[in-house]
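Only this structure's heavy atoms are used, side chains among them; waters, hydrogens and symmetry mates stay out.
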Amino acid sequence: MSCTEKTEGEPVEEPGDFPEEDAVECTAVTLGDPTGVKVQAVGVELDPHFYSQNVIGKNDASKEEDWQIVVDRVKKMKIHRFRVMIQPQWFEPYNDNDDPQNTDFSKFYWNTIEMQSLYKVLDLAQEEDIDVCLVVWGCTRSVAMLEDEFSDVTTCFMADLDGCTNWMCPPEDPEEFAENFAALTSYLINDKGYTCIKEITPFNEPDGNVIAIGPYIEVCKALDRHFTRLSIRDKVRFTLSDNTDTRREFLQGCADGLKGIADLFNSHTYIFGYETPNSTVQEWERANVEVSAQAGLDHMVGEFGSNQCVGSTRQKDIDLYLRGVLMARHVLNFFNAGACGVSYWSLIDQYYHFSEGLTNMQQLGLWRYLKTSYRANPIYSELTEDYQCRDQYYSYAMLTENIRPGAEIYPVDLDRDFANATAFRNEDGKWVYVIANQEDETLGLSIVNDVEGEFEIIRYKEDELPEDDSLLQPYRTKTTSEGVLDVVAYPQTVVVCRQK
């Protein structure tokens, strides 16, 4: 049947300005059982380098007032959560004392340029009620701070350099590392008043030749003791593991060894692409969820992107329109498999250190850096301005804006390899349906649900994207009858149906 035939239980909207769309044959699909977890966040990585390493450090054409672009776009997107990098030497370039059980806060440096850059991120999060997860990346092997005062600081004083081949090292003493992280968190919450800080994570991707599972568990236990000592343990959750892709044994080690310490587990993935069917992605996340459940905890995807990686700073598909569909499909697969949240790497293109050349600039953002930075890139001829949005910005913003924290998650089985759907019931009782269609076939869906009313339909479609950073707006409104909403997802599109 077509999407406009008036049969029992079907929409009653008459054909209007969309005769071709309204003639599409529709197939009934029903909501599955809720996954049992609620959405904690659809978030992003926002590492605090823009002011310090780009505006101050690079001293290029970027300006301090350019930060307002980040502020304005974050507000539009209604982002739920920031995952934020920290490095220990930014605030403790020299050891405060030799007793990690007796923290001397007067010996910390809370106003370095690096810390000022962090405060800009936290100020934005505080103002917009965005949750923050602080991630101390590890003990930095090679240090070069911006201020001459710290020119003698060439490595993190805690770093165990013996056998360390990574740019981040484990600590020689877990107690010193735990004191450092606890002191930072205490200062930010108690002295600076940042109530937005909700989580902490020690070590980014520790399984990637940074720290072994045994020492990692000892560090986490030390963190628990020091956060308790400074009376802040009840103010943050410990989001642990942070493992990558197929190294699930690290997550398993955390589930076995950190019961009563961990509050949430997370994993990262960059192994799934356009050729990966939904079932493969869901099997990966479902296994993570099952391991986490052994410790009675939820699981989230703490970083994700595509599998077209060129080192850690590039993915070959970054400028493709279709990437916006793939990222949405990833998100729906993660949620359908039981994840409680996701965090995209990363919000913006930026240099992570002023000494880096263009080849090391992070270029995985939802928008770009200065136009001149891409002169050697084939995309350069298509760029018209600095900080220009990539297509995926519009797709991911559809998710952050409409799927809200606390939403119930209902998988919708389309029985397809490269198209998927999820229904979300937000805390206000309103429903949001999201369909990601990466296939070459138009999908007509009759979504059967016990809900009546009008739905605004928004879509990510290549020939309909804004020329500025405006978010996608509804292009039509449809009315349900007896709980059925008909919706059409054209090939390579993302569709959001938002109940009014």
Do we see a donor-acceptor contact under 3.5 Å between the side chains of E176 and N180? no

Between K235 and N190, is there a side-chain donor-acceptor contact under 3.5 Å, judged purely by atom types and distance? yes

If only side-chain N and O atoms count, and only distance matters, is there a donor-acceptor pair under 3.5 Å linking R498 with N402? yes

What do the steps show when you test F203 against F177 for ring pair (Phe, Tyr, Trp, His ring centres under 6.0 Å), and what is the final call? CA-CA 11 Å; F203 301 101; F177 182 90; 4.8 Å; yes

Taking the six-membered ring for Trp, is the centroid-to-centroid distance between H49 and Y352 below 6.0 Å? yes

With ring pair (Phe, Tyr, Trp, His ring centres under 6.0 Å) as the test, would you mind laying out the steps for F250 and Y216 before giving the verdict? CA-CA 10 Å; F250 199 93; Y216 178 83; 5.1 Å; yes

Short side-chain donor-acceptor distance under 3.5 Å, T313 and Q362: no

Would you check if there is a donor-acceptor pair between the side chains of D60 and Y369 at a distance under 3.5 Å? yes

Find the distance between CE (M361) and CD (E356) and round it off to the nearest 0.5 Å. 10.0 Å

Pair Y274 and F418, ring centroids less than 6.0 Å apart: no

Derivation and outcome, side chain to side chain contact (heavy atoms under 4.5 Å, CB included), residues C133 and R81: CA-CA 8 Å; C133 177; R81 177 183 184 267; 3.3 Å; yes

Apply the ring pair (Phe, Tyr, Trp, His ring centres under 6.0 Å) test between F150 and each candidate in Y109, F91, F157; give the one that qualifies. Y109

Decide yes or no on side chain to side chain contact (heavy atoms under 4.5 Å, CB included) for K63 and V55, but give the supporting numbers first. CA-CA 6 Å; K63 304 177 293 296; V55 174; 5.7 Å; no

In sequence, state the C-alpha distance, the side-chain angles, and the governing distance for Y270 and E303, and then conclude on side chain to side chain donor-acceptor pair (under 3.5 Å). CA-CA 8 Å; Y270 297 97; E303 283 185 22; 2.7 Å; yes

Within the 3.5 Å criterion, strictly below it, is a donor on T165 or N209 matched to an acceptor on the partner's side chain? yes

Derivation and outcome, side chain to side chain donor-acceptor pair (under 3.5 Å), residues D224 and H226: CA-CA 6 Å; D224 184 68; H226 281 268; over 6 Å; no

How about NZ on K38, more than 12 heavy atoms from neighbouring residues, nucleotides or ligands closer than 6.0 Å, or not? no

Spatial distance of atom CG (N54) from atom OG (S62) [nearest 0.5 Å]: 5.5 Å

Check the side chains of N243 and S267 for a donor-acceptor pair under 3.5 angstrom, ignoring hydrogens and angles. yes

Just checking, any donor-acceptor pair under 3.5 angstrom between side chains of Q388 and R368? no

Could you walk me through whether W137 and I86 pass side chain to side chain contact (heavy atoms under 4.5 Å, CB included), step by step? CA-CA 6 Å; W137 235 241; I86 304 290; over 6 Å; no

Spatial distance of atom CD1 (I409) from atom CD1 (I403) [nearest 0.5 Å]: 8.5 Å

With ring centroids as reference points, do F334 and F304 lie under 6.0 angstrom apart? yes

If you apply the rule side chain to side chain donor-acceptor pair (under 3.5 Å), what do you find for T201 with R83, and how did you get there? CA-CA 9 Å; T201 297; R83 183 177 184 267; 5.6 Å; no

Does one side chain, of Q499 or R425, offer a donor that lies under 3.5 Å from an acceptor on the other? no

Please check if atom CG in D191 has more than 12 non-hydrogen atoms from other residues, nucleotides or ligands closer than 6.0 Å. yes

Is there a side chain to side chain donor-acceptor pair (under 3.5 Å) between R247 and T244 once you walk through the steps? CA-CA 6 Å; R247 298 192 185 109; T244 53; 2.8 Å; yes

Before we go on, tell me: are the rings of W284 and F272 under 6.0 Å apart, centre to centre? yes

Which is it for F424 and W431 under the ring pair (Phe, Tyr, Trp, His ring centres under 6.0 Å) test, yes or no, and what are the steps along the way? CA-CA 6 Å; F424 300 88; W431 286 87; 9.5 Å; no

Test: C164-C169 SG spacing under 2.5 Å: yes

If I compare all heavy atoms of C156 with all of V143, which pair ends up nearest, and what's the gap? N-CG2, 3.6 Å

Strictly by modelled atom types, are T493 and N437 linked by a side-chain donor-acceptor pair under 3.5 Å? no

Between T195 and Q126, do the side chains contain an N or O donor and an N or O acceptor separated by less than 3.5 Å? yes

Whether the R323 and Q315 side chains hold a donor-acceptor pair (N or O, under 3.5 Å, no angle test) is what I'd like checked. yes

State whether a side-chain donor-acceptor pair under 3.5 Å links H80 with T400. no

Less than 3.5 Å apart, any donor N or O on the side chain of Q87 or T140 sitting next to an acceptor on the other? yes

Any donor and acceptor pair, going by atom type alone, linking the side chain of T276 with main-chain N or O of G273 inside 3.5 Å? yes

Would you say the side chains of N333 and N278 form a donor-acceptor pair under 3.5 Å? yes

Please evaluate residues Y344 and I79 with respect to the criterion side chain to side chain contact (heavy atoms under 4.5 Å, CB included), reporting the C-alpha separation (whole Å), side-chain torsions for both, the decisive distance (0.1 Å), and the verdict. CA-CA 11 Å; Y344 174 74; I79 291 171; over 6 Å; no

Ring center gap for Y351 and F50 short of 6.0 angstrom: no

Please determine, by modelled atom types, if T269 and D245 share a side-chain donor-acceptor pair under 3.5 angstrom. yes

Do you see a donor-acceptor pair shorter than 3.5 Å between the side chains of Y321 and Q492? no

Is there a donor in the side chain of D469 and an acceptor in the side chain of Y387, or the other way round, less than 3.5 Å apart? no

